[in-house]
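Worksheet for the structure shown next.
Chain naming here is simple, since letters A, B, ... match the order of the sequence lines and numbering starts at 1 in each.
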Protein chains: 2
Amino acid sequence: MGITIQEASRVSGLSTHTLRYYEQVGLIHEVGRDTGGRRSYTQPDLEWLDFLTKLRTTGMSIAEMCRYAELRRRGPATAAERRRMLEAHRERVLERIAQLGEDLAVIDYKIDLYHTMEKS
Amino acid sequence: MGITIQEASRVSGLSTHTLRYYEQVGLIHEVGRDTGGRRSYTQPDLEWLDFLTKLRTTGMSIAEMCRYAELRRRGPATAAERRRMLEAHRERVLERIAQLGEDLAVIDYKIDLYHTMEKS
DNA sequence: CTGCACCTTCGAGTGCACTTCAAGTCAAGC
DNA sequence: GCTTGACTTGAAGTGCACTCGAAGGTGCAG
């Protein structure tokens, strides 16, 4: 019914090692197994992995992602808390983007200095 | 003539441990010592630390910062190469910012979904 | 039915960027 | 002169997020 860990790895961009690790730490709960005991990833699993990856690349720690995953597992009653987590994270990402912009301006300035140096 | 490691720590925002570590790995060359062998940071040292911090917070690895520092130590002949390093880094930072923006849009979308859920 | 690739689990190992420790030195205040 | 506290060094330790290895199970091509 689902796809193998190999295919899930290709689709998600995460290594098979990482997929197993994410399951182990509780980021992705109870991936189904086929008759031979092999993992079988469903479409919802893949969508969840995709969202996890976005949280991850925006700098959320594995520990916090675990807390979010745990809330999600507990069902709709935790929706407000999950929303607050995402909102807090959103603020951190905005700050990070602003900081990167500032630092980039300094780097750009340095690059300009080098150009000026090379021309003279 | 210069300031103590404690003061340099306060000014730079780096811990005294990190300042010693940066010197050890060659990021900041030959910080002056006072009569008692204690580190004495000069204004140029602090400016360099400040720039290093910007490279660091924009995601440059210690190893690459070391290469940059080494080129800088070798003098003006390496200016073009340093400029190229900064230009390459600049591209990576721009990509990173773009990626963060994209991922943030998805997070915003999720937050909206939660708001909608809570209202209904 | 045998070889082979790929799967399983569990635990140990890796790389990065610090961070802490241990042992000793030094300067200032009492 | 002695204590106190900040400094010095080199080496070892930490936390995070993977990443790999060992030992064994499974399924399909030849």
(Q) Less than 4.5 Å apart, side chain to side chain, heavy atoms only: is that true for Ile28(A) and Tyr41(A)? (A) yes

Q: Take the C1' atoms of the five end pairs on each side of the helix from dC1(C)-dG30(D) to dC30(C)-dG1(D), get both axes, and report the angle to 10 degrees.
A: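 One end axis against the other gives 10°.
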
Q.
For residues 5-30 of chain A, which residue pairs pass the salt bridge (charged side-chain N to carboxylate O under 4.0 Å, His left out) check, not counting sequence neighbours?
A.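 Of all non-adjacent pairs touching residues 5-30 of chain A, those that pass salt bridge (charged side-chain N to carboxylate O under 4.0 Å, His left out) are Glu23(A)-Arg33(A), Glu23(A)-Arg39(A).
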
(Q) Going by the rule side-chain contact (heavy atoms from CB on, under 4.5 Å), which residues pair with Ala80(B) if we only count those two or more places apart in sequence or in a different chain? (A)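 Here the qualifying residues are Glu118(A), Arg83(B), Arg84(B).
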
Q.
For Ala79(A), give me all partners under side-chain contact (heavy atoms from CB on, under 4.5 Å), at least two apart in sequence or on another chain.
A. Arg82(A), Tyr114(B), Met117(B)

Q) Which two nucleotides bound the region of DNA chain D that has atoms under 4.0 Å from heavy atoms of chain B, read 5' to 3'? A)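 Endpoints of the contacted stretch of DNA chain D: dC7(D) to dT9(D).
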
Q: Taking only heavy atoms on the protein side, list every residue of residues 6-21 of chain A lying under 4.0 Å from any atom of DNA chain C, sorted numerically.
A: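 Result for residues 6-21 of chain A: Gln6(A), Arg20(A), sorted by number.
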
Q: Name all residues meeting the salt bridge (Lys or Arg N to Asp or Glu O under 4.0 Å) criterion together with Arg67(B); count only those two or more places apart in sequence or in a different chain, and write none if there are none.
A: none

Q.
List the residues meeting salt bridge (Lys or Arg N to Asp or Glu O under 4.0 Å) with Arg74(A), not counting sequence neighbours, and say none if there are none.
A.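 For Arg74(A), the residues satisfying salt bridge (Lys or Arg N to Asp or Glu O under 4.0 Å) (neighbours in sequence not counted) are Glu70(A).
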
Q | Sidechain N-carboxylate O distance under 4.0 Å for Glu95(B), Arg90(B) | A | no

**Q.** All pairs passing side-chain hydrogen bond (donor to acceptor under 3.5 Å, both in side chains) where residues 46-56 of chain B contributes a residue, at least two apart
**A.** Gln43(B)-Glu47(B)

Q: Output the rest of the hydrophobic cluster of Leu100(B): all Ile, Leu, Val, Met, Phe, Trp and Tyr residues reachable through side-chain heavy-atom contacts under 4.5 Å, sorted by chain and number.
A: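 Noted: Leu100(B) shares its cluster with Val93(A), Leu94(A), Ile97(A), Leu100(A), Leu104(A), Val93(B), Leu94(B), Ile97(B), Leu104(B).
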
Q | Apart from Tyr109(A) itself, residues in the same hydrophobic cluster as defined by side-chain heavy atoms under 4.5 Å | A | Leu113(A)

Q: Give me the residues of residues 27-48 of chain B where at least one heavy atom lies under 4.0 Å from an atom of DNA chain D, by number, or none.
A: Arg33(B), Gly37(B), Arg38(B), Arg39(B)

Q: Apply side chain to side chain contact (heavy atoms under 4.5 Å, CB included) to Leu55(A) and Ile107(B), showing your working.
A: CA-CA 8 Å; Leu55(A) 292 181; Ile107(B) 292 165; 4.2 Å; yes

**Q.** Stepwise side chain to side chain contact (heavy atoms under 4.5 Å, CB included) check, Ser9(A) with Leu14(A)
**A.** CA-CA 5 Å; Ser9(A) 167; Leu14(A) 298 165; 5.9 Å; no

